[in-house]
Amino acid sequence: MVIASAPGKVILFGEHAVVYGKPAIAAAITKRIYVKSRRIDSGIQIFSEDKTESSIEYVKHAIELVIGTKRMKKQGIDVTIDSELPVGGGLGSSAALSVATIKSVSTLLGVDLGKEEIARLGREVESKVQGASSGIDPFVSTYGGAIYYRDGRFDRQQINPLSIVIGYTGSPSSTKNMISNVSHLREKYPKIIDHIFDVIGDISERAKIILDASNRRFETRKSKICDESGDLNENELGDLMNLNNGLLEALGVSSFSLSNLVNASLLAGALGAKITGAGGGGCIFALSSGREKEVSTAIKMAGGVPIPVEISFDGVRLEPNSRKNII
Ligand code: MEV
């Protein structure tokens, strides 16, 4: 029996545009999916509290791809999923599930896969189930930390501690449907939608400059044995989040609940707030800048669920077999 886990993520900037080759920034979060696999005589059995079709699809494709890497004959495998992430919540649950399954099943079958290969297979699973995938979710889930991502290539993005609050609408959404809606809109208005993607890409580039500059100041101060923060330009970062969110609204991926949570967070003093992930439901996140309590309360009052998270520097990993919460 092998247990592996992988983290969910928030996309800080650039979702949807990243599917069309524009840059985006994402970070892994401290909420994970655990996948336990063991050999059985024949067939594939999947046990999950969430029995959605798509979760089963992600797991089946992940197992097939692992078996395919060594052209093995069909294997009997039983998989049990335990998730700390809301399914379809925009926090990368599908990618975390695919990546953790690939790690767990490949280890069980004695197939040695490096992180690059795991991320690549994770992207293939997403493309099969969703129809299209930029690969950002499986990459960040595999490697952990924060990344600046473009076209299947990524750089590590250093981020000083950010005070963010996630707000879950309570309604899941389908990434596949949201990607398809955006693609239809682009077919109808190619020039306009491509302009929107370009501007979203510019926003991600600008955000990278701010995060890098703040990190350089932070490192300089650390080397002078001083514990001040890096003076992150939070106001500008907040502006960029609001601009990015306006463009996601224009792409039609918002919903009444998402807009409500964004507005409630801003009214409570957040410097910026935006949809994170595919939209249509799922989550927003707010840059709360010392007003975490007020923003969390505002999210609750607006009917959402505040989810406290931090950036996780651990990507996919094997777990000790004794984890109690795996049945
Ligand atoms: C989903 O978390 C992010 C999207 O941009 C899809 C993708 O990048 O594959 C909507």
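In each ligand, atom 1 is the first atom listed, and ligand 1 is the first ligand listed.
Close approach of ligand 1 to V18 (heavy-atom distance below 4.0 Å) involves ligand atoms 5 (O), 8 (O). Remark: ligand 1 atoms within the under-4.0 Å shell around heavy atoms of E15 are 5 (O). Within ligand 1, counting atoms from 1 as listed, the ones closer than 4.0 Å to a heavy atom of I136 are 8 (O).
Ring geometry for Y20 against F197 counts as parallel: the plane angle stays under 30°, on a 0 to 90° scale with 60° as the upper cut.
Of the N and O atoms on the side chains of T30 and E310, not one donor lies less than 3.5 Å from an acceptor on the other residue. Of the N and O atoms on the side chains of S133 and S127, not one donor lies less than 3.5 Å from an acceptor on the other residue.
The existence of a salt bridge linking R150 and E205 is confirmed by a sub-4.0 Å separation between a basic side-chain nitrogen and an acidic carboxylate oxygen. Salt bridge absent: E64 and K60 never bring a charged side-chain N and a carboxylate O closer than 4.0 Å. Salt bridge annotation for E117-K115: absent, with no cationic side-chain nitrogen under 4.0 angstrom from a carboxylate oxygen.
Polar contact check, K9 against ligand 1: a nitrogen or oxygen pair lies under 3.5 Å apart.
The nearest heavy-atom contact from the protein to atom 9 (O) of ligand 1 is S134 N, 2.9 Å. Counting only heavy atoms of the protein, atom 1 (C) of ligand 1 lies nearest to D137 OD2, 3.6 Å. Among protein heavy atoms, the minimum distance from atom 4 (C) of ligand 1 is reached at H16 N, 4.0 Å. Looking only at protein heavy atoms, the nearest one to atom 3 (C) of ligand 1 is I11 CD1, 3.7 Å.
Heavy-atom distances between M178 and ligand 1 stay at or above 4.0 Å for every pair.
Applying the ring-ring contact (aromatic ring centres under 6.0 Å, His included) rule to Y168 yields no partners; only residues at least two apart in sequence or on another chain are considered.
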